[in-house]
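Read the structure below first, then the notes.
Chain letters run A, B, ... following the sequence lines, proteins first and then strands; every chain starts at 1.
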Amino acid sequence: MSEVVKLVELTKVYDLGEQRVQALRGVSFAVASGEFLAIMGASGSGKSTCMYILGCLDTPTSGQYLLENVSVGNLSRNQLAEIRNSKLGFVFQGFNLLPRTTALENVELPLIYARVSAGERKKRALEALNRVGLADRAGHLTNQLSGGQQQRVAIARSLANRPAMILADEPTGNLDTKTSAEIMDIFSELNGQGITIIMVTHEPDMAAYARRVITFRDGLVLSDERNPAPQQGN
Amino acid sequence: MEILQSLKIALRALKANKMRSFLTMLGIIIGIGAVIVMIAIGSGASQMIADQIASIGSNIIMVIPGSTTSGGARTGFHSAPTLTWDDVKAIRNECPSVALVAPTARGAAQVVYGNMNWSTLVQGITPEFLQIREWNLVAGRGLTEADVEGARKDCLLGMTVAETLFGSEDPVGKVVRIKKVPFTVVGVLERKGQSPRGDDQDDAVFLPLTTAQRKIIGTQFPNTVGAMLIQAVSEDRLQQAEQEVSSLLDQRHRIGPTKERDYSVRNLSEILAVSQQSAQVMSLLLGAVASISLLVGGIGIMNIMLVSVTERTREIGIRMAIGAKQRNILLQFLTEAVLMTLFGGIIGMLMGVVGATVVSRLVGWPTLIASQAIVISFLFSGGVGIFFGFYPARKAAGLNPIDALRYE
Ligand SMILES: Nc1ncnc2c1ncn2[C@@H]1O[C@H](COP(=O)(O)OP(=O)(O)O)[C@@H](O)[C@H]1O
Ligand SMILES: [Mg+2]
């Protein structure tokens, strides 16, 4: 299987003027296409920082990030925007949907920026909503939906442009156990369809769905283990 | 398509803050409205003056009897009869820059036709008068040299007098009585409108100068005339004509260190040109003052757009996270600003047109709304949106995706 992601000695320093926070101190790992990877670790260990870099939302202080064998460090802002739009889907802990906007419109958003025609856009957005089981809520405003439903809209949005990889930073952090399981089932299913998934969580129950678990500590990779029997979705 | 999306987003954003959007637009509404009203008033005024200049005739100087200082040229139009027929002849013969000389005399009298009567200005003229004033007839003929020499009892009616006395009847050939003297109406003059002094030029009756002096106005001094209208041969010889006339009259009247001038010379075109210039300056000034309110309105737009960008930093972050390019964000906020100013501009334009009409009704000033003013104000309001919206939009587009996402 080909490598989708390769991190080489990645470091990230937040310079707060008088104070410098070393969030990543040299992180290296590779992710193969089709993997389901969970990143765990204590709060403040650098998981989110790493995810933002993986998601091309932030840039590393040093080290290299190869996405599909292309060094992301050399790309322009526009090129990064294109990668975020077409190659990656990002799912946040806080959903990050647009308020006063319908579920469908939220899912259409990445397609608008990809300049997909209106008809095709609607078709693909509905298809994505269908994949997360929310086709019947397409016309609802996002603030009329429950937390679990909002997160499913966010997943549908990340799927809209048919990305090769989905990045999720504590996607179940704001949800109850039952809803969390539903979300994890969706991720399992998507992974089963061949989409690479990297997910941050600090709940072992959620990490149990992944086939591989990397643990961070103080900005370094502490362990990298295979899960021989990942929990399967229903 | 991208513009369409930006429009949709912008409309939604404006609707989400209706009151705020309206108050922000108010600045532009007032600005554009004020510009339209002011320009309408200004160009109305200078148009009015331009019309008056045209109604006076071109290249004209006026020689008025009586001394400037003692008589007061403003009040005594004919203070003392110091100009004579000989002066007229001398000017005609000896001033090469002068094309035409039209001596006149003025008085007031009752004109009676049937059971109608009307108090009006009676002006004695020679054939040159209508030529200089470029005043055409709508019926009949003008006054001739023979009318003047023979002191015939023929007259011309101004349009106001003709309409008042005759209504729809044709006045030509009818007999009117002026100070009980019967006169035959030989012609009716076309409408001239208001004079620069504001009186109705059509409210007058014109008689041969000789007849007017002998029968109507009367003068104790035979052989004198009232004010003279003098036309120069061309516009660039107007000054020269003025000089020739005054040096000739100085010489003839023996004006010197011991004798003060007993006439005055006025260049009408010049006076009007000056007042037109001041009307144009006024219109420019008014426009400038009004543009300041537009500027203030623009600053209001910029201010609210900056607030909007700050408020929606997270939204910007989300959009960037899912692939919006800087260009997309820039366009989105620029569209919002331009939409506000264009809305404001259109409303302001309508208010300006209404305001200008109201002003012209109320104050009686003419106003002139040029279609260009409307097009320009439309473009201008769009321009204000782009100019004042650009900085906030660029600020939005320049945000770092991750910083925008983390913004609380
Ligand atoms: N924007 C930031 N500015 C300064 N320090 C930050 C910022 N984001 C994270 N950090 C610091 O970097 C470290 C790693 O943070 P983070 O990656 O969010 O950890 P995790 O997601 O594992 O909890 C923490 O010490 C945190 O305080
Ligand atoms: Mg985190």
Evaluate whether atom [atom1] of [X] has more than 12 neighbouring non-hydrogen atoms of other residues, nucleotides or ligands under 6.0 angstrom away.
X	atom1	result
A/R217	CZ	no
B/F380	CZ	no
A/F29	CZ	yes
B/R314	CZ	yes
B/M351	CE	no

Atom pair [atom1]/[atom2] of [X] and [Y] - distance to nearest 0.5 Å:
X	Y	atom1	atom2	value
B/N400	A/D58	CG	CG	6.5 Å
A/L97	B/E315	CG	CD	12.0 Å
B/Q5	A/I112	CD	CD1	3.5 Å
B/I402	A/T59	CD1	OG1	10.5 Å
B/M320	A/C56	CE	SG	14.5 Å

Pick one of side chain, backbone, both or neither for [X], based on which atoms fall under 4.5 Å of a heavy atom in chain B.
X	value
A/L80	neither
A/Y52	side chain
A/T101	both

Would you name the heavy atoms of [X] and [Y] that are closest together and state the gap between them?
X	Y	result
A/Y113	B/G323	CB-O, 3.8 Å
A/R77	B/L399	NH2-O, 2.8 Å
A/N96	B/L405	ND2-CD2, 3.3 Å
B/A324	A/R84	O-NH2, 4.4 Å

TODO: Please report the C-alpha distance between B/R12 and A/E105 in whole Å, then the side-chain angles of each, then the deciding distance to 0.1 Å, and finally whether the salt bridge (Lys or Arg N to Asp or Glu O under 4.0 Å) criterion is met.
DONE: CA-CA 13 Å; B/R12 183 173 298 189; A/E105 284 171 315; 2.7 Å; yes

TODO: Please state whether the side chain, the backbone, both or neither of B/R319 comes within less than 4.5 Å of a heavy atom of chain A.
DONE: both

Open item on the list: Would the distance check show the side chain of A/N85 and the main-chain N or O of B/I322 forming a donor-acceptor pair, the cut-off being under 3.5 Å?
Closed with: yes

Open item on the list: Before you tell me yes or no, could you show the steps for B/I318 and A/R157 under side-chain contact (heavy atoms from CB on, under 4.5 Å), namely the whole-Å CA-CA distance, both residues' side-chain angles and the distance that decides it to 0.1 Å?
Closed with: CA-CA 11 Å; B/I318 294 171; A/R157 183 179 65 187; 3.5 Å; yes

